[in-house]
Structure formats: C-alpha cells, structure tokens
Amino acid sequence: MPEGDTVYRAANALRGALAGTVLTRCDIRVPKFATVDLTGETVHEVLSRGKHLLIRVGDFSVHSHLKMEGTWQIYPNGAKWRQPSFKARAILANSAVTAVGFELGLFEVVRTADEDTVVGYLGPDLLGENWDASVAIGNLRREPDREIGLALLDQRVLAGLGNVYRNELCFLRGALPTRATGDIADLPAMVDLAKRLIEANKDRSTRTTTGRLRGQTFWVYGRDGRPCSRCGTTILRGELGDTELQLRDTYWCPHCQT
Ligand SMILES: [Zn+2]
C-alpha cells in the first residue's frame, strides 16, 4: 500500500500535467459515477491529503485512494498504456496528455464544497501545508492504551504513514509495535522523526530510512529472518491490526526494541 510520499508525488505529477487546463475527455468507469462528465471544465488544482488524492475540476473534486494496486499514470495523447485498458477506472485528458487512474481502491466525485465529507476526518497531514505536530501528538496521547503500531497507521491520528514507516519508526525509536502509546518515552520525537523521514523521501522514487539509496534501504521492514544491522539479532515478523481484516505485517528487532 502506498505511503503519503507516493501520493504526494502522484499529486505533483498530475498537477503538472492537468492544472490550469481544460479537460477534453472525461471517461469514468466506476459505475456509480459513470455518468459524470467533466469535459470542458478547468482543472483548478491537484493535491494530496495524507494518502488521498483530490483533483479539483470545475465545481467538483475527483477523490481517489490508491489502496493496494492503484496508480495514476500520465501519457502523451495517443500513447500506448502500460496497463490493460480494463484496469482503468478513470481517464482525464486535456489537449496534450491523458491521465489514467488504474485499479484505484476508492473513487468518487463530490462537490468541492463538500470535500470535508470525504477527507475531513483525517488527522494532520505530514506533507500538508497545515501540518501541526502538536495536534498529532495530542491525538496519540488521547488513546494511551492503544498499540503504537496501530496508532501510527490510523489516518485520523495523523495522515500519511503506511506500513513501511510505522515499522521503521518503531525500530528507530526503540519501541515494539505492540507497545502501548502511553508508554512511549518521547512521543514528540517519534512524530518529529515521522515528519523528517517522509519529508526526506517525498521527492525521490526510492524510499529509504537508512539513508542508503541502494542495498539496504530499510532497517527492519521486509527483513524478517535476517540480522539486525545494529546488533545482529534476527529480525522477527508478526501481524497487527484493529481487526482480523486489517492485519498488516510488523517487523522488529527483539533486542533493539522493547
Ligand atoms: Zn537490533
């Protein structure tokens, strides 16, 4: 599942391709919105809110979430797509380029005035203009008994982190993902590190938390069974989720994290 930095880059690319232009094609293949036609309308802005994408066109906002497999790709008009046409959920084009949303996990069109009904529940956005660390810290402190590994993924608490960052943050702060949020020694430092990591990665295509752009780019994520590069202890893998349906992999070093 993409993290906020991926969505931030997708928004930048879509903004560069579409903002300020008039749509010459609008083909929505999600049944509920298939009759929406924004052809002839101007694209005002494209932005990310946490892991959500908003394309503002005319009086409307095209809201999408990439979920597991989703991607927006931009092609010169007439170019061959890299994914099969049946996976396309939305096609927005101007006189020069075509933006295609493939396998979007969530897609809807709402009036821009009603955007809050779809993204208003999100906590402060790590890559947003109005990022406020104190609000995120306050949200974390409100549920002291909750596992930190769950709280960091909860987009209502703070928006933008996915499974890679939550595992890496827990390692870098020496906390097990199952540790109660109220027992984390320095929550402001955890939030500050989240902001610095995602900022550092927002403009590059290789995500890294170790500072390396090749070789070992993560400390624990995806490294179960291999030695911790700080202490040599074998990294373990488990699952954590609010419900069985929401279980996501966790990775940790049983020596470095307590
Ligand atoms: Zn270790």
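Everything numeric here is computed off the predicted structure, so don't read it as measured data. First listed ligand is number 1; within each ligand, the first listed atom is number 1.
Each of Asp183, Thr178, Leu240, Leu187 was scored for a side chain to side chain contact (heavy atoms under 4.5 Å, CB included) with Ile148, with one residue passing: Leu187.
Protein N/O/S atoms nearer than 2.8 Å to the Zn ion (ligand 1) total 4.
Legend: salt bridge (charged side-chain N to carboxylate O under 4.0 Å, His left out) pairs involving residues 73-88, not counting sequence neighbours, sorted by first then second residue: Lys87-Glu103.
By the side chain to side chain contact (heavy atoms under 4.5 Å, CB included) test, Asn94 pairs with Leu18, Thr21, Ala96, Val97, sequence neighbours left out. Residues that satisfy the side-chain hydrogen bond (donor to acceptor under 3.5 Å, both in side chains) test with Arg179, not counting sequence neighbours, are absent from this structure.
Salt-bridge check for Arg207 with Asp5: passed, with a basic side-chain N closer than 4.0 Å to an acidic carboxylate O.
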Check step by step if side chain to side chain contact (heavy atoms under 4.5 Å, CB included) holds for Arg56 and Val46. CA-CA 6 Å; Arg56 293 177 179 157; Val46 182; over 6 Å; no
